[in-house]
Amino acid sequence: MNVFKIVVLSITMCTTAALAQKNAAKEAASNIAGSSLVLPQIQVVPIQDTATERNYELYIELPEDYAENDNKTYPVLYYTDAMWHLEALSTCQEFILEDMILVGISWQKDIHAALKDEVGAHLSRYRDYSMRAHSKPEIQAKYQLGQAQTHLDFIRKDVIRYVDARYRTDPNSRTYFGYSLSGEFGAYILLTQPDSFNNYILGSPTIQNEMEYVAELNTKFGPFKNSDRSTSLNANVYIAYGSLEEETAPIDTFVKLLNDRRDDGLSVFKEVIDGNHSTAFPATAIRSINWLSSMMTHKSTTSQEVSFWSIPHLNNPYVSITPEDRKDGIAVDTLAMHSKDQKAILTLSQEIFEGIYGSYDALLISHKNKLVFESYYKKGRINVPHGQASAVKAYTSLVLGRAIEMGYLSMEDLNKPLTNFLKDVNPKNLTPGFEKITLHKALTMQGGLRIDNEKWKAFEKDTSLLKGQGLVQTLLEQSGPITDESQSYLYGNFNPMLVMTVIDAVVPGTAEEFIKRELLDKLGISNYEWAKHASGLPEAGWRASLQSRDMLKLGHLVLNEGKFKGEQLISADYLAKATSGIVKPTQDWMPQDYRYGYFWYQTQIKVGQNSYNTTFAWGGGGQRVIVIEDLELTIVISGHDGEDDKIMTPISEVVIPAFTKH
């Protein structure tokens, strides 16, 4: 958005502050006249609740280009308390989310005249948006509170059906906006019939006296189970309140209740806005619509730093068979193949979006070093780094290969005692057999360290002995003897950190500087995160994040035997060893035909009568960089799946066979 638009938006939004709600449960009576709204861009449509015969109005605002794009569908934002919220949201549509249909739902029009004169035109909101009946019979008899379910039925059966039948709407992108009491109504919808909307904006919800009932609704809906997708709320939720509001603790409790569901289909983002209950409203509208825009596109537009788990899910997948040339060092082309195979890959992408194989965020396919298929789902964004989990181990292996190519280590050094390279390690108190640990053994998870977990937790709390090479000193002092028997495959992060400590010891400067200068910078990778271990060294086994396209660059490096743009970055001899099947992993859940090299996996994938040697980095949750040299194929997968990582089955049965015919 340009500066002029920001200024105009801010001024316009400030003029709407007077329309913000007063003090939630104690709002003053309104003198708003009952005349219909008249604005040139708004269609005012009368609508009746077919169940109660109550009459309302819809205030429908279409995007400017609606009439010009007959084949285009549009997301819809539904909002209650329409007379109070219309101007603010209309302004947001003008400047932030231009491609959206707005549908405001009025208060009941044919309301009892005497009560309307006494309370105001907004009287019906107390009945329609409240969750429960009032405890005092005389108040309940007068205002008929607690009819949220009745009003929700009206919205689902009458309002949404009307809008979908008459306009080109996107059924995968419905949003609810509510503030104050209508924010409470949104919380009710979320916990009773969450499929009503895909996205929920709940500004300062008045749930101070409703948390016990909210918790009950959550229990009725049931806990989330990975094995049963129907237990997911499947929603993006934005919750905000003013910094000067009273009784915000219940809202925080509500946020915690949602997060405690551990629901991977639910994204919750909380924001505290400067101001009180009324004055926080304009900023809430702007910020929430900015948040909403982030799930309409695969390109992140937010400048805010949010945790991965707060990233909202895309309302629709982004799928391209002609990927964009982003001038990022990735060559692009078109997915050119038999239409049946292309259709199968497109069908697979839709199935990934629907969660059939678990929770995955990106699938990229490169053929002959050109990106030909690019897709993003759920939390996937083209320009947002994605957590790599244990795939970082494979990247650490490449860093070591870079050190060998530059002459800081040799292939012969792989079989020398690891402590030979660590001049700060004192051998005096090391466990017997420590010299058996070589880079080769560490790289294949056969270092042989055996350390009591409880004892090690104490060292992790007080990290003074773990700094730099002190990590290896402590590991080798605390481990049981290193023997031929102990040097069997044992997966974990100790071995990768042994390797990272050697890298740090032999390269000029630090390992962190070396990784950036000699690997990531060479590949044009700048938007990444790489956490530090308690030792102060870069993590070697997890806690790094990369963009999916940058994962592809690492795959290309392997495909091209260590070369990038003609430069030999990784030792070809080392890479051949690293990607070979040296040992058999011993985990019970590991496929029987998987083998392990230097932090890279290897297997054979059979297509018809042929088998193809497949090398891949693998991180928990579904991160994979898959390289099949014989097919000149590189596949990248990103995910946050907590189950069985089932994505490899369709990759083997759909994607790879499609390229065997080239």
Side-chain angles (χ1 to χ4, degrees), residues 305 307-308 328-329 384-409 413-414 418-425 439 442-443 447 459-460 463-475 492-547 549-551 553-554 557-558 562 564 567-571 574-575 578 598-600 617 619 623 625:
E305 292 186 6
S307 72
F308 174 78
D328 58 357
V384 174
H386 194 291
Q388 298 296 293
S390 286
V392 175
K393 295 176 174 65
Y395 310 154
T396 297
S397 179
L398 294 180
V399 175
L400 184 67
R402 177 62 177 155
I404 291 175
E405 176 61 27
M406 296 186 72
Y408 300 121
L409 289 167
D413 288 336
L414 296 175
L418 182 138
T419 52
N420 282 13
F421 309 101
L422 306 177
K423 304 307 180 185
D424 295 337
V425 172
L439 281 170
L443 286 161
F459 286 101
E460 291 180 323
T463 61
S464 58
L465 296 177
L466 304 183
K467 299 303 180 183
Q469 294 181 25
L471 169 66
V472 177
Q473 182 81 45
T474 306
L475 285 170
N493 283 331
F494 284 151
N495 285 298
M497 285 310 302
L498 293 178
V499 174
M500 185 62 76
T501 307
V502 172
I503 294 171
D504 187 72
V506 302
V507 301
T510 66
E512 181 180 10
E513 294 166 344
F514 185 79
I515 291 169
K516 180 181 185 302
R517 181 181 66 249
E518 295 298 338
L519 182 63
L520 302 182
D521 284 355
K522 295 281 188 181
L523 298 175
I525 298 174
S526 58
N527 185 11
Y528 69 93
E529 298 171 9
W530 201 308
K532 288 186 178 181
H533 183 265
S535 62
L537 302 176
E539 286 282 7
W542 64 327
R543 297 181 64 209
S545 298
L546 292 176
Q547 296 177 146
R549 279 190 170 215
D550 289 336
M551 294 169 67
K553 292 177 183 178
L554 295 172
L557 198 55
V558 174
F564 183 74
E567 181 181 0
Q568 192 74 45
L569 294 185
I570 310 298
S571 162
Y574 173 82
L575 199 55
Y598 288 168
F599 298 157
W600 284 82
Q623 282 56 250
V625 179

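One N or O on the side chain of T510 and one on the backbone of E513 form a donor-acceptor pair closer than 3.5 Å. Proximity of a side-chain donor or acceptor of S545 to a complementary backbone N or O of P385 within less than 3.5 Å is not detected. Put simply, the side chain of Q388 never gets that close to the backbone of S390: no donor and acceptor are under 3.5 Å apart. Using a distance-only test at 3.5 Å, with no hydrogens or angles considered, a donor-acceptor pair links the side chain of K553 to the main chain of G524. Distance alone, capped at 3.5 Å, is enough to place a donor-acceptor pair between the Q469 side chain and the D424 backbone. Under the 3.5 Å distance criterion, the side-chain polar atoms of T474 are matched with a main-chain donor or acceptor of L465.
Atom CG of L520 sits about 7.5 Å away from atom CG of L554, to the nearest 0.5 Å. In this structure, CG in L519 is found 10.0 Å from OG1 in T396, a value given to the nearest 0.5 Å. Distance CG/D504 to CG/L537: 4.5 Å, rounded to 0.5 Å. Within the model, atoms CG of L414 and CD1 of I404 stand 4.5 Å from one another, a figure rounded to the nearest 0.5 Å. Here the straight-line distance linking atom CE of M551 with atom CG of L546 works out to 7.0 Å at 0.5 Å rounding. Taking CE of M497 as the start and CG of L475 as the end, the distance is 9.0 Å to the nearest 0.5 Å.
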| Taking it one step at a time, do Y395 and V625 satisfy side-chain contact (heavy atoms from CB on, under 4.5 Å)? | CA-CA 10 Å; Y395 310 154; V625 179; 3.7 Å; yes
| said: Evaluate M500 against H533 for side-chain contact (heavy atoms from CB on, under 4.5 Å), listing each step before the verdict. | reply: CA-CA 10 Å; M500 185 62 76; H533 183 265; over 6 Å; no
| message | side-chain contact (heavy atoms from CB on, under 4.5 Å), that's the test. Do Y408 and E518 meet it? Break it down for me. | response | CA-CA 12 Å; Y408 300 121; E518 295 298 338; over 6 Å; no
| said: Does V506 form a side-chain contact (heavy atoms from CB on, under 4.5 Å) with M406? I'd like the steps, not just the answer. | reply: CA-CA 11 Å; V506 302; M406 296 186 72; over 6 Å; no
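Considering every non-hydrogen atom in both A534 and L466, the closest pair reads CB-CD1, 4.4 Å. For the residue pair G492 and K393, the shortest heavy atom distance occurs at O-CE, 3.5 Å. Closest approach of G541 to V392, counting heavy atoms only: C-CB, 3.9 Å. Of all heavy-atom pairs between F599 and A442, the closest is CE2-O, 3.4 Å. The shortest heavy-atom contact between K522 and F564 is O-CE2, 3.4 Å. Here the closest non-hydrogen pair linking S397 and A578 is OG-CB, 4.0 Å.
Contact check for D413 versus V502: no side-chain heavy atoms found under the 4.5 Å cut-off. Looking at E405 and I570, their side chains never come closer than 4.5 Å, going by heavy atoms from C-beta outward. Between L557 and L575 there is no side-chain heavy-atom pair separated by less than 4.5 Å.
Here the options are L398, L569, D550, the test is side chain to side chain contact (heavy atoms under 4.5 Å, CB included), and the partner is L523; only L569 passes. Each of T501, I503, N495 was scored for a side chain to side chain contact (heavy atoms under 4.5 Å, CB included) with V499, with one residue passing: I503.
Aromatic ring pairs are classed by plane angle as parallel below 30°, tilted from 30° to 60° and perpendicular above 60°; the pair Y574 and Y598 is tilted.
Heavy atoms of other residues, nucleotides or ligands lying less than 6.0 angstrom from NZ of K532 number 12 at most. Summarising the local packing, CH2 of W530 is surrounded by more than 12 heavy atoms from other residues, nucleotides or ligands at distances under 6.0 Å.
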